[in-house]
Amino acid sequence: MERIEKRKRTQTIVFSKMEEEIRIAVIDNGHLDEVFFEELDNDSVTGNIYLGKVENVVPSLEAAFVDIGVGRNAFLRFKDAPNRSKFGKGSKVLVQVKKDAIGTKGPQVTLKVSIPGRSVVYTPFSKHVGVSKKITEAAERDRLYKIAKAALIEKEGVIFRTAAYGVGDENIRDEIERLRTKWKEINDSFKRSRKPKILYEESSLVEYILRERLTENTAEIVVDTEDLWHDVVAGVSKFKSGFKPVVRFVEGDSFITEGVYEKIKEIYKRIIPLESGGNVVIDRTEAMTVIDVNSASNVSGEDVAETSLVTNLEAVSQIARHLRLRNIGGIIVIDFIDMKTDEDRTKIVNTFTEELKKDKAKSFVLGFTKLGLLEMTRRRSTAAIGTKLFISCPVCKGTGDIESPRVTFQRLVRDLGKLFEDKSVKRANVQVFHNLSGVLTPEVQKKLTKTFKRTLSFTFTWPIPASFEIKGSKKNGQE
């Protein structure tokens, strides 16, 4: 059989446990591809199935709000509710979360329920049978369709995942039967219950990663605790995938032994250097993510056109990887280095599309605009990792800009003037951030003492940029 992916990749999955928290890193060809933190991801409800109660139907929004018992009401779009005519306010509905709550928005749910397995996704309300587009061999696709025809009963369907490639007929039939049994348990619980409640919860993080990320390219799995080792070995055996990666046990923190901590630093960087000398700059805004490609110090190539194409092609793989690594979603606009020919632009689009096939999230490359910007969208069901790892800076309030030392100094002089309006204040001790040393020189300090006719002492030990502390004292030493 032909391989599904023509380009050979080597993948390592690193499992680590620290103080009961599981952390997982997926390393592809030596580069960090994805990272998961159990503590950060435990709020995710994507994939969970709930008994919900319709709180309100809003035709103007073409949606309904559903109480699923998790706090904020879930948002059910009409297009995700094919039988919406059958429910109204107060109706009991069986829904599945397709997208976690983000910001002020509640989770997004659908009536189109599906239950994922390793090789197939079981769809109890759909007769559709689908096969992953990554399985291109005609004979293999025909085999899978025949399995579905023999295994399925009325009013149910399946979607064969890429992992179904080459898996034995009996194993696939067994998996369909397991998922069918699981669905019966969920549906029976729904029929018996009345109040909003969870009916089905996604697998543990370990099982989820083995189900979703274990591929024929996975050469080894690294673990650092005994219980993790047992869970991983059992999980690998459970899926009967036809390939068995080496499970390697290491002493200590596997994130240290495998260099994951160093690789994670990439998530914090705004500028990603390219091996050619160019770089990629990633900026996120409220509405979209903007990515800029620069040639920087790259002077390879016989002319400007060749240098631009080489840098852009190298940037394509890095951009695709960082979309996965940072879990960036929504509208994405990429400003590649200007290319003169349609042939070069087509090559970029085709290469980018190929790179995005490695991504579990669905992406759509829309092409170049008249301004030469590449437009694309990427769907994701969970929040970007940056929203979990970072908080807004209390100094700049998330803008990235702070007051200049000159402006801070001017504000300091005004505040001193206000303080000394009280004639009883005879001196002041002032602490400032160290970046004011170039403005608040010894000469300036002497000048301020003469101007205010007060005793002033300055120290550059204040820990917060763009701010300061002034302590005034009266003649008798009382503040």
Side-chain angles (χ1 to χ4, degrees), residues 38 40-117 120-128 154-159 178-205 207-208 211-212 327 329-330 360-362 379-384 387-388:
E38 186 177 42
L40 298 178
D41 294 323
N42 62 5
D43 291 333
S44 175
V45 294
T46 297
N48 291 357
I49 298 175
Y50 293 87
L51 184 161
K53 180 182 178 182
V54 178
E55 292 289 300
N56 197 13
V57 179
V58 188
S60 61
L61 295 178
E62 296 188 343
F65 291 93
V66 182
D67 177 11
I68 59 174
V70 297
R72 279 176 291 181
N73 285 342
F75 189 70
L76 173 62
R77 299 182 299 180
F78 285 170
K79 69 178 184 179
D80 291 321
N83 297 319
R84 66 176 182 272
S85 60
K86 296 183 179 180
F87 68 76
K89 185 176 180 180
S91 298
K92 184 176 79 167
V93 289
L94 189 148
V95 295
Q96 184 169 34
V97 178
K98 60 184 294 188
K99 199 172 188 179
D100 278 336
I102 298 176
T104 58
K105 299 178 180 178
Q108 193 176 124
V109 297
T110 177
L111 297 184
K112 302 172 184 177
V113 174
S114 62
I115 306 175
V120 302
V121 176
Y122 178 75
T123 54
F125 296 135
S126 170
K127 297 180 181 180
H128 174 70
E154 188 179 359
K155 295 182 180 180
E156 65 177 5
V158 293
I159 299 171
R178 286 197 302 273
L179 296 177
R180 183 186 288 130
T181 301
K182 173 59 68 177
W183 163 245
K184 187 177 183 304
E185 294 171 358
I186 295 168
N187 199 33
D188 288 346
S189 178
F190 171 74
K191 291 176 180 178
R192 291 193 305 267
S193 306
R194 290 289 177 266
K195 296 181 179 180
K197 61 179 286 189
I198 187 167
L199 302 172
Y200 166 81
E201 191 169 7
E202 257 290 7
S203 311
S204 69
L205 185 59
E207 186 171 336
Y208 170 81
R211 186 188 76 205
E212 299 293 331
N327 195 23
K360 292 289 183 181
K362 288 185 178 180
R379 294 180 183 175
R380 55 173 166 75
S381 58
T382 58
T387 63
K388 301 175 182 179

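One-based numbering along the sequence shown.
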Practice task
Taking salt bridge (charged side-chain N to carboxylate O under 4.0 Å, His left out) as the test, write out the residues that go with Glu202, two or more places apart.
Solution key: Arg211
Practice task
Report the distance from atom OG1 of Thr46 to atom NZ of Lys99, rounding to the nearest 0.5 Å.
Solution key: 9.5 Å
Handout entry: Flag side-chain contact, heavy atom, 4.5 Å: Val158 against Val121
Key = no
Exercise for the section: Could you tell me whether Lys127 and Glu156 have a side-chain N and a carboxylate O separated by less than 4.0 Å? Expected result: no
Exercise for the section: State, yes or no, whether a side-chain contact exists between Val97 and Tyr50 at a heavy-atom distance under 4.5 Å. Expected result: yes
Completion exercise
Tightest non-hydrogen contact, residues Ala64 and Val54, listed as CB-CG1, 4.4 Å
Practice task
Could you walk me through whether Val113 and Leu94 pass side-chain contact (heavy atoms from CB on, under 4.5 Å), step by step?
Solution key: CA-CA 8 Å; Val113 174; Leu94 189 148; 3.4 Å; yes
Handout entry: Test side chain to side chain contact (heavy atoms under 4.5 Å, CB included) applied to Asp80 - qualifying residues, sequence neighbours left out
Key = Leu76, Arg77, Lys98, Gln108, Thr110, Lys112
Fill in the blank from the handout: When Ile68, Asp100, Val66, Asn73 are each screened for side chain to side chain contact (heavy atoms under 4.5 Å, CB included) with Pro107, the one that passes is Ile68
Problem - Val57 and Phe78, any side-chain heavy atoms less than 4.5 Å apart - result: yes
Exercise for the section: For residues Asn48 and Glu201, report the shortest heavy-atom separation together with the two atoms involved. Expected result: OD1-CA, 3.4 Å
Problem - Minimum side-chain heavy-atom gap Ile49-Val95 below 4.5 Å - result: no
Throw together a table of side-chain donor-acceptor distances under 3.5 angstrom for residues 191-199, partners on residues two or more places apart or in other chains.
from: Ser193; atom 1: OG; to: Ser189; atom 2: O; distance (Å): 2.8
from: Ser193; atom 1: OG; to: Lys197; atom 2: NZ; distance (Å): 3.4
from: Arg194; atom 1: NH1; to: Lys191; atom 2: O; distance (Å): 3.4

Handout entry: Listed partners of Thr181 passing side chain to side chain contact (heavy atoms under 4.5 Å, CB included), at least two apart
Key = Glu177, Glu185
Problem - Side-chain heavy-atom pair Ser114, Gln96 within 4.5 angstrom cut-off - result: yes
Practice task
Over all heavy atoms of both residues, which pair between Tyr200 and Pro116 is shortest? Give the atoms and the distance, please.
Solution key: OH-CD, 4.1 Å
Problem - For Glu62, all residues meeting salt bridge (charged side-chain N to carboxylate O under 4.0 Å, His left out), sequence neighbours excluded - result: none
Handout entry: Heavy-atom pair with the smallest gap, counting every atom of Leu111 and Phe125
Key = O-CD1, 3.7 Å
Problem - Euclidean distance, Leu51 CG relative to Ile186 CD1, rounded to 0.5 Å - result: 12.0 Å
Exercise for the section: Tell me, please, which residues at least two apart from Glu212 pass side chain to side chain donor-acceptor pair (under 3.5 Å). Expected result: Arg161
Exercise for the section: Check the surroundings of atom NZ in Lys89: do more than 12 heavy atoms from other residues, nucleotides or ligands lie under 6.0 Å from it? Expected result: no
Exercise for the section: Taking the six-membered ring for Trp and the single ring otherwise, decide whether the centroids of Trp183 and Phe190 are under 6.0 Å apart. Expected result: no
Exercise for the section: Quick one: pull up CD1 in Ile115 and NZ in Lys182 and give me the separation to the nearest 0.5 Å. Expected result: 8.0 Å
Exercise for the section: Quick one: closest heavy-atom pair of Ala101 and Arg72, and the distance? Expected result: CB-NH2, 3.5 Å
